[in-house]
Amino acid sequence: MQNAVSVPSSRRFSIWLSFFGFMLVGISSGVSGPILPSLSAYYHVGDATIGLLLLVSPFAYFLSSLSSGLLIEKFGLRWLLLMGTAIFILGFAGFGLRLPFLWLFAARLCIGLGAGIIETGFNIYISTQPRQETLLNNLHAFFGVGSLLGPLLVSALLTLLWDWNIAYLFLVVLCLPLALGLGPLFSVPANIQDTQRDEPAKKEGTFGATLKLPVVWIATLFLLVYVGVETCAGSWGYTFLLNERAQSPLIAGWIVSGYWLGLTLGRFFLQRQAERMGISSTVLVYICLICIVLSALLAWLVPSGISAALAFCLMGLGVAPLYPLTVAIMPKLVPAHLAASAISLLISVSIIGLGVFPWLAGLLAQAVGIWTLMPFIILLTLAMIILWRVLAGHIASHA
């Protein structure tokens, strides 16, 4: 991270608070899956009904992320984050209090809205800091840390024979320091809100102006496809290992965990190592995209459990810095007063990739076979290489 001597303490506090906020969102994501069987048993509903709960959060996340840029203009970043945290807590409280089942849909809506606001707000905040590429990688790595901690939290509570709702009450308590930390000690850069308030002419039609920028749509498409690659590998990888590589459920689970561990570690270290070696962010993205293609080829063409394990770890490393680096370049490619709206659009539209591309991968698997997963990932990655080539030209022209 930044040198502790040169960074004001208020900014250091705000950066670490951002990391903590992302970790909380990761924990909430990691908790939801393992707790589904307990929800099903407690409310006496089937898996199909429980699955409907999972559809609510992405929709709410999309809406909140899309509107965050406009809300920052109206209320400011600090109040937006406070509002998102309050909504987040409200959603956890709904599950923690074990409300009637239909009310859980409202609670999931709150969790999705809160998560979208918190993630978008902290992405915008960190993108304004010096060395934002490294900081954004660290920010998203803390989401991975939270995703790894979430299942461990649920497992520990259930092992102790505590009720499932205790996990959500625990999350309510964890969110309180985040809400308190967003008070006066949280430093908000002037170029996020104060400057915009002094320039009403620039504020007028900000979102519309953002939609007219081709570079924003190119970056949005890049992230949309990226989310598809990341999710397809993480969600369908387990089935690929079971059916195509004849791995046991335990080993397949460990290999997929290696993918997510590689993604988390890659976000902590790859950008920092690239800076030490003098490798630009543009070149690092190309290296990572090639790494994804090679690892997918290894998993596809070499029928070995060891090669599959190596391939999934390398793929995790390859996808690691792509999302944060794409967010990091946006303030450099658009006018300052459009940066918040551009990042909001980028993040919100990319969420569509969570559903569309895994669904397409599932259709291919059903029609042809799960072996198509790796060619599908390669095809998506080649599309990303083309889109990044266009983005690289814009980056060079703004250098």
Side-chain angles (χ1 to χ4, degrees), residues 21-68 71 80-122 143-144 146-155 157-158 162-176 178-179 227 231 234-235 344 347-356 358-359:
F22 252 65
M23 188 174 70
L24 287 179
V25 175
I27 291 174
S28 72
S29 176
V31 158
S32 61
I35 221 161
L36 289 180
S38 298
L39 279 174
S40 180
Y42 181 82
Y43 287 101
H44 305 290
V45 294
D47 290 343
T49 305
I50 284 290
L52 292 175
L53 282 174
L54 301 179
L55 297 176
V56 176
S57 287
F59 174 72
Y61 187 106
F62 171 80
L63 291 179
S64 61
S65 297
L66 187 64
S67 59
S68 289
L71 291 172
L80 175 70
L81 286 169
L82 279 169
M83 179 173 62
T85 304
I87 296 172
F88 208 39
I89 292 173
L90 189 63
F92 293 144
F95 279 86
L97 295 175
R98 294 192 289 201
L99 296 178
F101 183 73
L102 288 178
W103 283 97
L104 295 186
F105 286 91
R108 284 291 295 186
L109 184 72
C110 288
I111 291 173
L113 289 171
I117 291 173
I118 290 170
E119 283 203 34
T120 306
F122 283 132
F143 178 91
S147 298
L148 293 172
L149 290 177
L152 296 177
L153 171 64
V154 175
S155 300
L157 291 175
L158 295 179
W162 290 13
D163 288 339
W164 59 268
N165 64 309
I166 301 299
Y168 286 101
L169 294 176
F170 187 67
L171 279 168
V172 170
V173 175
L174 281 180
C175 284
L176 295 179
L178 178 63
V227 169
T231 310
S235 59
S344 298
I347 294 172
S348 60
V349 175
S350 70
I351 298 301
I352 298 172
L354 285 174
V356 171
W359 175 69

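- Residues Leu149 and Met23 are in side-chain contact: their nearest non-hydrogen atoms beyond the backbone lie under 4.5 Å apart.
- Applying the salt bridge (charged side-chain N to carboxylate O under 4.0 Å, His left out) test to residues at least two apart or on different chains, none of the pairs has a partner in residues 167-176.
- Legend: residues meeting side-chain contact (heavy atoms from CB on, under 4.5 Å) with Trp359, ordered by chain and number and at least two apart, are Leu363.
- Legend: residues meeting side-chain contact (heavy atoms from CB on, under 4.5 Å) with Cys110, ordered by chain and number and at least two apart, are Ile87, Leu90.
- Distance check: Ile111 CD1 to Ser29 OG gives 10.5 Å after rounding to the nearest 0.5 Å.
- Here Leu71 contributes atom CG and Leu81 contributes atom CG; the two are 11.0 Å apart, rounded to the nearest 0.5 Å.
- Within the structure, every pair that satisfies the side-chain hydrogen bond (donor to acceptor under 3.5 Å, both in side chains) test and touches residues 107-117, not counting sequence neighbours, is listed here: Ser57-Arg108.
- Taking every heavy atom of both residues into account, Ile166 and Leu157 meet most closely at C-CD1, 4.1 Å.
- Within the model, atoms CG of Leu171 and CZ of Phe88 stand 7.0 Å from one another, a figure rounded to the nearest 0.5 Å.
- Checked against ring-ring contact (aromatic ring centres under 6.0 Å, His included), Phe122 has no partners two or more places apart in sequence or in another chain.
- Checked against side-chain contact (heavy atoms from CB on, under 4.5 Å), Tyr43 has the following partners two or more places apart in sequence or in another chain: Leu39, Val45, Arg98, Phe101, Leu104, Trp164.
- Atom OG of residue Ser67 and atom CD1 of residue Ile117 lie 6.5 Å apart, to the nearest 0.5 angstrom.
- Put simply, the residue from Leu178, Leu24, Leu80 that forms a side chain to side chain contact (heavy atoms under 4.5 Å, CB included) with Ile118 is Leu178.
- Nearest heavy-atom pair, Pro358 versus Gly353, reported as atom, atom and distance to 0.1 Å: CD-O, 3.3 Å.
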Practice problem: Any chance you could lay out the side-chain contact (heavy atoms from CB on, under 4.5 Å) test for Ile351 and Val227, step after step, and finish with the verdict? | Solution: CA-CA 7 Å; Ile351 298 301; Val227 169; over 6 Å; no

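- Taking the side-chain contact (heavy atoms from CB on, under 4.5 Å) definition, one finds that Leu82 meets it with Arg78, Trp79, Leu182, sequence neighbours left out.
- For the atom pair CG of Leu109 and CG of Leu113, the computed distance is 4.5 Å after rounding to the nearest 0.5 Å.
- Applying the side-chain hydrogen bond (donor to acceptor under 3.5 Å, both in side chains) rule to Ser65 yields the partners Thr120; only residues at least two apart in sequence or on another chain are considered.
- Counting only residues at least two apart or in different chains, salt bridge (charged side-chain N to carboxylate O under 4.0 Å, His left out) contacts with residues 82-91 are absent.
- Taking CG of Leu66 as the start and OG of Ser344 as the end, the distance is 7.5 Å to the nearest 0.5 Å.
- Shown here for Phe92 and Ser28, the closest heavy-atom pair between the two residues is CZ-CB, 3.5 Å.
- Evaluation of the ring-ring contact (aromatic ring centres under 6.0 Å, His included) rule for Tyr168 yields Phe95 as partners, not counting sequence neighbours.
- Every residue meeting the ring-ring contact (aromatic ring centres under 6.0 Å, His included) condition with Phe22, not counting sequence neighbours, appears here in chain and number order: His140.
- Residues Gly116 and Ser64 share a closest heavy-atom pair of CA-OG, 3.3 Å.
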